[in-house]
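One is the number of the first residue; the rest follow in order along the sequence.
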Amino acid sequence: MRKSGQITVFLSLVTLCVCSLVCGLVESARTAGAGWYLKMAADSAMDSVFSGYHRAAWEQYRLFLLEYEEEDESGSTWLKYMEPYMENHGWYPAVIQSASVKEISRITDEHGANLKQEIQDYMRYGIWDTVAEESEAETLWKKLKEAESLQTVSEAYSGHAREAARMERALEAIWKSLENQEEYRKKAAARLSGWDGSGFRTAAKQLKKEAERLPGLIKTYEKKADELAAHLEKTRADTEQQRDDLSEGIRRTMEEELASYESYISENGEKRREIEAMLSGTEGNAALIDRAVERSYEVEDIIDDWDDEDEGDGPDEDALWGSVEAVWDRVKIPELSFRAGLKEPEKQNLLEQIQQMAELDLLMLVLPEGQEVSKGVIQTKGLPSVIHTEDILKDNFLERILTDEYIGRFFTCFLSADQKEVRYEQEYVLGGKSTDEENLKFAAARVLTMREGLNLIHILSDSQKREEARALAAAITGITGTAPLTGIVAFFVMTVWALGEAAADLKALLAGDRVPLIKTRETWKMNLDGLLTLGEQGKVEAGQEKGEGKRYEDYLKMLLFIEPSERLYYRVMDVVQINLSRKQPDFTMERCAYQAEIVGTGIGKHLFWLGGDPRYTMEVHTDKAY
């Protein structure tokens with residue numbers, strides 16, 4: 001039996017609306033799924049792009065670097081990795097036609113922050129249990145800052161000690177001139193008593209010549225005095241900030257020692273007034289000397305012109321020469337109420353020689369016997385630190401500890417066994433010089449300065465050593481008690497003593513031994529006799545510590561700890577570039593990406609579309625950073 005079916009217009013319209021709604025819902029869900037599919041594909045392709053990191057950089061330095069020739073290169077590579085996802089699209093047909101690199105951040109960008117982040121990521125999650133806590137880092141930083149500040153102050157004032165010594169030499173020249181004048185005056189008087197006119201005039205001329213030197217000697221002294229006063233005033237202002245960095249006890253002790261400088265300037269004012277008064281008192285001597293010489297000629301003429309046939313027994317020579325003596329007795333040589341100069345200037349010179357040796361040829365002084373300095377040369381052209389010269393980036397304490405630990409683990413130094421063309425990599429990060437030798441000199445000088453400051457902290461904290469320094473200063477000046485000059489020389493002795501011990505410390509460090517950060521009486525090696533021997537012979541003996549204290553590498557880390565952050569990170573990049581470019585000459589850190597953002601554009605296709613063009617434009621964003 002045939003059955004017939006029919007549908008009403010209303011039901012047809014309802015069915016059409018329901019089908020359209022279902023298709024729209026399905027297409028909407030499919031479109032959303034297509035977006036997620038493309039995002040997943042884009043991110044996966046970006047992961048594949050960044051998996052092409054520089055293998056040597058990872059193996060040698062644990063750094064992820066995406067090397068590229070052109071910025072668009074990453075976009076082309078990304079498109080290649082997108083092709084399999086477009087071919088196997090399933091319910092999500094689409095074609096990505098182009099890709100543009102919207103942004104690329106190089107490892108050298110952001111003032112070094114990109115490299116910093118890579119180092120921090122590796123060090124935090126790789127060796128977390130081997131680094132110090134932040135509180136320990138802060139304590140260390142304060143101690144190093146105090147040592148650096150104290151060394152800066154002591155260096156400035158030790159220079160004034162040399163100025164004071166030169167002033168004393170100028171005063172001694174004045175004192176010696178007065179002594180010579182008195183000797184010539186007495187010699188002339190003796191010749192007069194023997195009626196020796198020629199001998200008298202010779203001595204009188206010597207006296208006059210010596211007296212004529214006096215204003216120049218006084219002028220030299222006044223110039224040196226003015227310079228010292230001005231330099232001291234400037235030093236007080238310049239070192240005010242450094243004094244604030246010192247702990248209360250060290251600052252108080254140092255101020256006690258430096259008070260001698262103020263007292264010396266004050267005392268020198270009294271000396272200066274006495275000298276000026278003395279000069280005005282000697283101005284009439286020249287006229288008296290000339291008058292006495294002239295009278296001596298007159299007396300000789302009278303005696304020579306006397307005619308034996310004249311009446312009497314001859315000229316009264318005693319009276320004639322007595323007239324000359326009357327004039328000569330009015331010549332007065334002033335005396336100083338103080339003794340000028342240094343009693344044992346040779347010891348002061350030995351101490352100054354130690355400073356000169358440390359300044360002129362430090363490596364010759366501290367390099368262990370048998371050790372040779374690398375002759376490596378660094379080609380600085382094109383290095384990141386040359387291109388980027390700002391200093392904006394900052395580290396906190398823990399970040400800097402981790403970075404310094406990273407440098408110590410991956411970079412070589414003077415004591416490393418690696419035989420590289422450029423060997424002193426840690427020293428380069430610290431100094432940034434163009435040769436290994438210059439970098440070693442710079443690092444050695446910085447270690448010496450650090451040790452000098454730390455040693456001076458110990459001396460100022462040890463009353464026994466301060467007394468020993470005062471005793472040597474008293475021997476040099478010839479003044480006992482608390483005379484200002486002795487105080488100045490005593491502080492100078494302390495600074496040179498700290499320097500001499502630091503030189504011995506540095507020699508031990510370069511030999512691979514250990515040196516305690518903070519010295520004690522038991523670990524202190526050099527006495528004052530040894531210090532003077534160092535100044536005489538120019539040879540320092542290493543103060544070795546077996547199994548105690550810190551090594552040379554540790555001191556380098558401490559110095560890196562106080563270096564400006566941005567400069568440090570760019571020099572790290574320099575070392576990486578230098579070493580990687582030996583096997584790959586065209587390698588540069590400037591062409592290594594750390595992060596990139598890519599935008600892909602293409603065409604998608606609707607599957608549940610009832611009319612019109614089923615194609616539509618689409619765009620997908622993806623970004624990635626190591």
(request) Please work out whether the ring planes of Trp58 and Tyr122 are parallel, tilted or perpendicular, with thresholds of 30° and 60°. (result)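 The rings of Trp58 and Tyr122 stand perpendicular, inter-plane angle above 60°.
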
(request) Measure up the His160 and His231 rings against each other and bin them: parallel (under 30°), tilted (30 to 60°), perpendicular (over 60°). (result)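 It falls in the parallel class, under 30°.
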
Show the nearest heavy-atom pair for residues [X] and [Y], with the distance to one decimal.
X      : Y      : value
Gly431 : Phe442 : CA-CD2, 3.4 Å
Ser74  : Ile104 : OG-CD1, 4.4 Å
Leu150 : Met254 : CD1-SD, 3.8 Å
Ile387 : Gly382 : CD1-O, 3.8 Å
Met573 : Ile107 : CE-O, 3.5 Å

Could you tell me whether the side chain of [Y] reaches within less than 4.5 Å of the side chain of [X], counting heavy atoms only?
X      : Y      : value
Phe491 : Tyr261 : yes
Asp574 : Arg571 : yes
Ile562 : Lys145 : no
Lys519 : Asn455 : yes
Glu248 : Arg251 : yes
Gln595 : Lys624 : no

(request) Please test Leu232 against Tyr157 for side chain to side chain contact (heavy atoms under 4.5 Å, CB included), starting from the C-alpha separation and ending with a verdict. (result) CA-CA 8 Å; Leu232 273 174; Tyr157 276 92; 3.7 Å; yes

(message) Would Arg446 and Arg451 count as a side chain to side chain contact (heavy atoms under 4.5 Å, CB included) here? Give the steps.
(response) CA-CA 9 Å; Arg446 290 290 303 277; Arg451 283 298 333 154; over 6 Å; no

(message) Less than 6.0 angstrom separating the ring centers of Phe410 and Tyr406, yes or no?
(response)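 Close enough - the centres of the two rings lie under 6.0 Å apart.
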
SB check [X] [Y] (cutoff 4.0 Å):
X      : Y      : result
Arg243 : Glu255 : yes
Asp436 : Lys375 : no
Arg162 : Glu352 : no
Glu405 : Lys557 : yes
Lys39  : Asp43  : yes
Asp462 : Arg521 : yes
Arg567 : Glu563 : yes

For [X] and [Y], test the side chains for any donor-to-acceptor distance below 3.5 angstrom and give the result as yes or no.
X      : Y      : answer
Asp395 : Thr403 : no
Thr601 : Ser98  : yes
Asp505 : Tyr555 : no
Ser247 : Glu146 : yes
Glu438 : Thr435 : yes

(message) Going by side-chain hydrogen bond (donor to acceptor under 3.5 Å, both in side chains), Ser565 matches just one of Arg400, Glu399, Lys394. Which one?
(response)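 Checked Arg400, Glu399, Lys394 against Ser565; only one passes side-chain hydrogen bond (donor to acceptor under 3.5 Å, both in side chains): Arg400.
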
Counting only heavy atoms not in [X] (residues, nucleotides, ligands), do more than 12 fall under 6.0 Å from its [atom1]?
X      : atom1 : value
Glu421 : CD    : no
Gln584 : CD    : yes
Lys102 : NZ    : no

(request) Please name the residue in the list Glu118, Gln117, Met123 that meets the side-chain contact (heavy atoms from CB on, under 4.5 Å) test with Asp121. (result)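 It is Gln117, the one option of Glu118, Gln117, Met123 that forms the side-chain contact (heavy atoms from CB on, under 4.5 Å) with Asp121.
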
(message) Set out, in order, the CA-CA distance, both residues' side-chain angles and the distance that settles ring pair (Phe, Tyr, Trp, His ring centres under 6.0 Å) for His54 and Phe587, then state yes or no.
(response) CA-CA 10 Å; His54 199 287; Phe587 176 83; 5.0 Å; yes

(request) Not counting sequence neighbours, which residues clear side-chain hydrogen bond (donor to acceptor under 3.5 Å, both in side chains) with Tyr61? List them please. (result)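 So Tyr61 forms a side-chain hydrogen bond (donor to acceptor under 3.5 Å, both in side chains) with Asn579.
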
(request) Indicate yes or no for a side-chain donor-acceptor contact from Tyr552 to the backbone of Cys413 under 3.5 Å, with no hydrogens or angles considered. (result)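 No: the side chain of Tyr552 does not pair with the backbone of Cys413.
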
(request) Could you give me the CA-CA distance, side-chain angles and deciding distance for Arg551 and Leu415, then say whether side chain to side chain contact (heavy atoms under 4.5 Å, CB included) is met? (result) CA-CA 10 Å; Arg551 295 187 180 277; Leu415 294 179; 5.8 Å; no

(request) For the pair Tyr594 and Glu110, evaluate side chain to side chain contact (heavy atoms under 4.5 Å, CB included) and give the outcome as yes or no after the intermediate values. (result) CA-CA 11 Å; Tyr594 166 77; Glu110 304 299 327; over 6 Å; no

(request) List the steps and the verdict of salt bridge (charged side-chain N to carboxylate O under 4.0 Å, His left out) for Glu425 and Lys420. (result) CA-CA 10 Å; Glu425 296 171 347; Lys420 296 183 177 181; 2.8 Å; yes

